[in-house]
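Scroll down for the structure; my scribbles are underneath it.
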Amino acid sequence: MTDAARIDSLQSTRLLNGGEAGVPLISSRADAVVDTLAAAIESGDLRPGDPLSVSALTQRLGVSAATVRAGLGVLDGMHLIEHRMNRASVVITPTPAWFIAVASECSGLSVSAADLGIAHATDAQIAEFVDRSAHVRALWETDEHDQIVGAEGLWELIDLLATFSRNHYLRELHASKRTALVFGIHALSKPRNPAMLRSVVDALVLAVRSRDRIEATDIVRDLYMFVIDGVVEL
């Protein structure tokens with residue numbers, strides 16, 4: 001598929017008011033551009049190095065050039081695209097150095113999510129976390145399981161703690177890091193030992209159940225180092 005065809009195939013149901021029932025209204029049309037392009041990058045519909053022509057996106061998504069540029073600015077801040085002087089921006093090509101920076105940034109947010117999430121979680125939310133953990137652990141039961149799906153499950157488990165934190169800035173910022181992290185894992189990560197990841201889930205569940213914030217934050221910090229080590233030898 002040509003670059004133009006890939007851009008032409010992008011669907012923006014939110015822009016067209018055709019999103020799924022229950023999806024909240026987004027705050028601006030630039031947010032919809034970000035949503036659409038980030039989803040296309042994560043899914044592989046847009047690949048590393050693909051150009052993102054403002055004129056093509058303007059026509060396809062039915063928004064102004066200024067709106068597209070605003071969306072591309074947000075995506076640049078999310079480390080998903082690279083601006084080029086006097087040329088179209090391109091989808092970022094993940095490298096180990098890029099991934100270390102992305103994962104390190106996300107690590108700090110995840111550590112805070114674990115700390116504040118445990119501090120503010122209700123008993124019902126702790127039970128919800130334990131239930132979700134059982135599902136995530138099952139993703140790492142055998143070598144035959146999709147390890148990318150398992151990695152996504154681990155991240156979403158930590159993101160659940162961010163939702164418990166009662167800090168909407170932390171919750172939204174943490175959620176915004178998902179696409180770049182998953183994109184990098186898809187592109188660069190080596191297969192990991194399922195037994196090791198199961199032990200991480202078990203240890204995190206124990207820490208959350210006992211509301212041990214120090215232990216939980218240490219586990220999350222070590223998990224990110226383990227993920228980074230799966231991309232490059234430090």
Side-chain angles (χ1 to χ4, degrees), residues 1-95 98-99 101-103 105-106 108-110 113 148-149 151-152 155-156 158-160 162-163 165 167-188:
M1 184 183 293
T2 66
D3 296 333
R6 275 197 291 277
I7 287 179
D8 192 55
S9 70
L10 295 176
Q11 299 297 317
S12 184
T13 55
R14 292 197 188 187
L15 282 171
L16 300 174
N17 295 320
E20 296 178 3
V23 174
L25 293 176
I26 48 182
S27 59
S28 75
R29 295 173 74 81
D31 291 336
V33 171
V34 172
D35 236 19
T36 300
L37 296 180
I41 291 170
E42 184 176 334
S43 69
D45 290 339
L46 288 174
R47 300 197 299 264
D50 278 352
L52 300 169
S53 163
V54 171
S55 59
L57 290 170
T58 296
Q59 182 176 8
R60 176 58 192 165
L61 300 178
V63 296
S64 69
T67 297
V68 170
R69 291 191 184 97
L72 292 177
V74 173
L75 290 168
D76 184 39
M78 294 169 67
H79 314 301
L80 292 173
I81 69 170
E82 180 181 358
H83 280 304
R84 303 186 298 176
M85 187 66 67
N86 300 321
R87 291 186 292 170
S89 298
V90 297
V91 178
I92 197 78
T93 297
T95 64
W98 170 88
F99 185 76
V102 167
E105 183 179 52
C106 195
L109 292 167
S110 292
I148 299 300
V149 173
E152 292 175 356
W155 186 90
E156 289 167 0
I158 299 170
D159 195 53
L160 184 61
T163 68
S165 70
N167 184 322
H168 74 273
Y169 299 106
L170 174 61
R171 182 177 68 247
E172 292 175 4
L173 192 55
H174 190 265
S176 74
K177 304 303 177 184
R178 178 188 186 281
T179 300
L181 192 66
V182 171
F183 184 47
I185 290 173
H186 271 277
L188 300 171

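Note that the structure is predicted; figures quoted are calculated from it, not measured.
Considering CD of Q59 and OG of S53, their distance stands at 9.5 Å, rounded to 0.5 Å. Note that the CG atom of L72 and the OG1 atom of T67 stand 11.0 Å from one another [nearest 0.5 Å]. Note that CZ of R171 and OG of S176 are 12.5 Å apart. Values are rounded to the nearest 0.5 Å. Residue S89 holds its OG atom at 4.0 Å from CD1 of I81, rounded to the nearest 0.5 Å. Here CG of L52 is found 6.5 Å from CD1 of I41. Values are rounded to the nearest 0.5 Å. Rounding to the nearest 0.5 Å places CG of L109 at 10.5 Å from CG of D159.
Considering all non-hydrogen atoms of both residues, A113 and I158 come closest at CB-O, 4.1 Å. The minimum heavy-atom distance between L80 and A180, with the atom names listed, is CD2-CA, 3.7 Å. Considering all non-hydrogen atoms of both residues, T93 and P48 come closest at OG1-CB, 3.7 Å. Across C106 and L181, no two heavy atoms sit closer than the pair SG-CD2, 4.1 Å.
Side-chain N or O atoms of R29 include one that pairs as donor or acceptor with a backbone N or O of G62 at under 3.5 Å. The backbone N or O of V33 sits nowhere less than 3.5 Å from a side-chain atom of T36 that would complete a donor-acceptor pair.
Applying the side-chain contact (heavy atoms from CB on, under 4.5 Å) test to T95 and every residue at least two apart in sequence or in another chain returns A97, W98. Remark: R178 engages E42, E152, W155, E156, V182 in a side-chain contact (heavy atoms from CB on, under 4.5 Å) (not counting sequence neighbours). V74 is linked by a side-chain contact (heavy atoms from CB on, under 4.5 Å) to V34, M78, counting only residues two or more places apart in sequence or in another chain.
Counting only heavy atoms from C-beta outward, the side chains of V102 and F183 never approach each other to under 4.5 Å.
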### Message
What verdict does the side-chain contact (heavy atoms from CB on, under 4.5 Å) test give for I92 and H79, after you've listed the backbone C-alpha separation in whole Å, the side-chain angles of each residue and the deciding distance to 0.1 Å?
### Response
CA-CA 7 Å; I92 197 78; H79 314 301; over 6 Å; no
